[in-house]
Amino acid sequence: AQSVTQPDIHITVSEGASLELRCNYSYGATPYLFWYVQSPGQGLQLLLKYFSGDTLVQGIKGFEAEFKRSQSSFNLRKPSVHWSDAAEYFCAVGALGGSYIPTFGRGTSLIVHP
Amino acid sequence: DGGITQSPKYLFRKEGQNVTLSCEQNLNHDAMYWYRQDPGQGLRLIYYSQIVNDFQKGDIAEGYSVSREKKESFPLTVTSAQKNPTAFYLCASSLGDLRYDEQYFGPGTRLTVT
């Protein structure tokens, strides 16, 4: 079964600084990978997804993520963080075979200091 | 505008009472899902449905029930058998059952049982 790990429970950055949120997955075949963002008390919104092709994926709100098969990672990045980016970020992995339901990581809470 | 609506946003119930959470989508999606979210736990799948009149248990289905009589509706009932029902509940839908189908989430219902 697939699994996904987000090693950082909380990340604190200053506004304008760069950001990288880590995501590691476990699955033998090519995974399908997603990053979602959740503002407090709201539902989740898709930031970007990868399922084939270019390993560097561009998303909404200036986010990008890079799929690295050798490291089983799909880290989310943003060159300059805005205060409005403060939210919970979830990585999810779906895979060929078995259940198609994606597995979500436990999330990383992003705190942005002015 | 297409989307997913969940009502109510906040729900309060006394212990021992069943309660039904509403989820409606007008995206013409075949698949619908219910997740439970607790702090630090990420999203845990309760039930999902790929087509009308069919649904499957997720990882934490005990104490919950669902129905899928219409394509656009997937209500969740939290029964008195659920030991710890206080949580944030998220409904989602996706186009179909393809591994790379992204999920669209509703705004959530926060249930408090005392």
Side-chain angles (χ1 to χ4, degrees), chain A residues 1-10 21 23-25 27-53 57 59-60 65 67 74 87-109, chain B residues 3-11 21 23-25 27 29-51 55-61 87-112:
Chain A
Q2 66 263 28
S3 66
V4 58
T5 302
Q6 294 180 248
D8 304 305
I9 297 175
H10 302 283
L21 301 182
C23 174
N24 296 100
Y25 67 90
Y27 191 71
T30 300
Y32 297 93
L33 297 156
F34 309 82
W35 273 102
Y36 289 86
V37 61
Q38 182 182 33
S39 297
Q42 299 296 317
L44 279 68
Q45 179 185 22
L46 181 74
L47 284 174
L48 46 80
K49 65 180 181 181
Y50 169 83
F51 58 89
S52 68
V57 181
I60 63 171
F67 171 57
F74 189 56
E88 190 88 16
Y89 291 81
F90 293 93
C91 182
V93 58
L96 287 172
S99 169
Y100 67 91
I101 309 297
T103 300
F104 283 82
R106 294 195 169 194
T108 297
S109 178
Chain B
I4 300 181
T5 57
Q6 290 185 246
S7 61
K9 189 162 181 66
Y10 299 96
L11 194 52
L21 281 60
C23 177
E24 304 276 332
Q25 55 100 357
L27 299 167
H29 285 173
D30 285 319
M32 297 187 74
Y33 316 78
W34 274 105
Y35 291 93
R36 171 180 171 140
Q37 187 177 22
D38 298 282
Q41 298 275 338
L43 274 67
R44 292 185 289 169
L45 183 67
I46 305 173
Y47 269 98
Y48 65 98
S49 168
Q50 295 173 255
I51 56 172
F55 46 84
Q56 306 295 328
K57 292 182 179 180
D59 302 319
I60 57 166
F88 189 55
Y89 291 88
L90 286 163
C91 179
S93 70
S94 65
L95 189 61
D97 64 352
L98 297 177
R99 278 69 178 169
Y100 49 82
D101 279 342
E102 66 199 68
Q103 291 177 305
Y104 292 76
F105 285 82
T109 292
R110 186 167 296 282
L111 173 64
T112 302

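Convention: sequence-line order gives letters A, B, ...; per-chain numbering from 1. No hydrogens, no waters, no symmetry mates; every other heavy atom, side chains included, goes into these values.
Within a 6.0 Å radius of CD1 in I9(A), other residues, nucleotides and ligands contribute 12 heavy atoms or fewer. Counting heavy atoms of neighbouring residues, nucleotides and ligands inside a 6.0 Å radius, atom OH of Y104(B) does not exceed 12 of them.
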Exercise. Step by step, work out the side chain to side chain contact (heavy atoms under 4.5 Å, CB included) result for Q56(B) and I101(A).
Key: CA-CA 11 Å; Q56(B) 306 295 328; I101(A) 309 297; over 6 Å; no

Quiz item: Could you walk me through whether F34(A) and Q103(B) pass the side chain to side chain contact (heavy atoms under 4.5 Å, CB included) check?
Solution: CA-CA 10 Å; F34(A) 309 82; Q103(B) 291 177 305; over 6 Å; no

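Contacts between Q45(A) and chain B at a heavy-atom distance below 4.5 Å are absent for every atom of the residue. L46(A) touches chain B through its side chain: at least one heavy atom from C-beta onward sits under 4.5 Å away, while N, CA, C and O do not.
Here the closest non-hydrogen pair linking L90(B) and Q38(A) is CD1-NE2, 3.9 Å.
In this structure, OH on Y35(B) lies 4.5 Å from CZ on F104(A), to the nearest 0.5 angstrom. The CZ atom of F90(A) sits 4.5 Å away from the CD atom of Q37(B) when rounded to the nearest 0.5 Å. Here NZ of K9(B) is found 4.5 Å from CD of Q42(A). Values are rounded to the nearest 0.5 Å.
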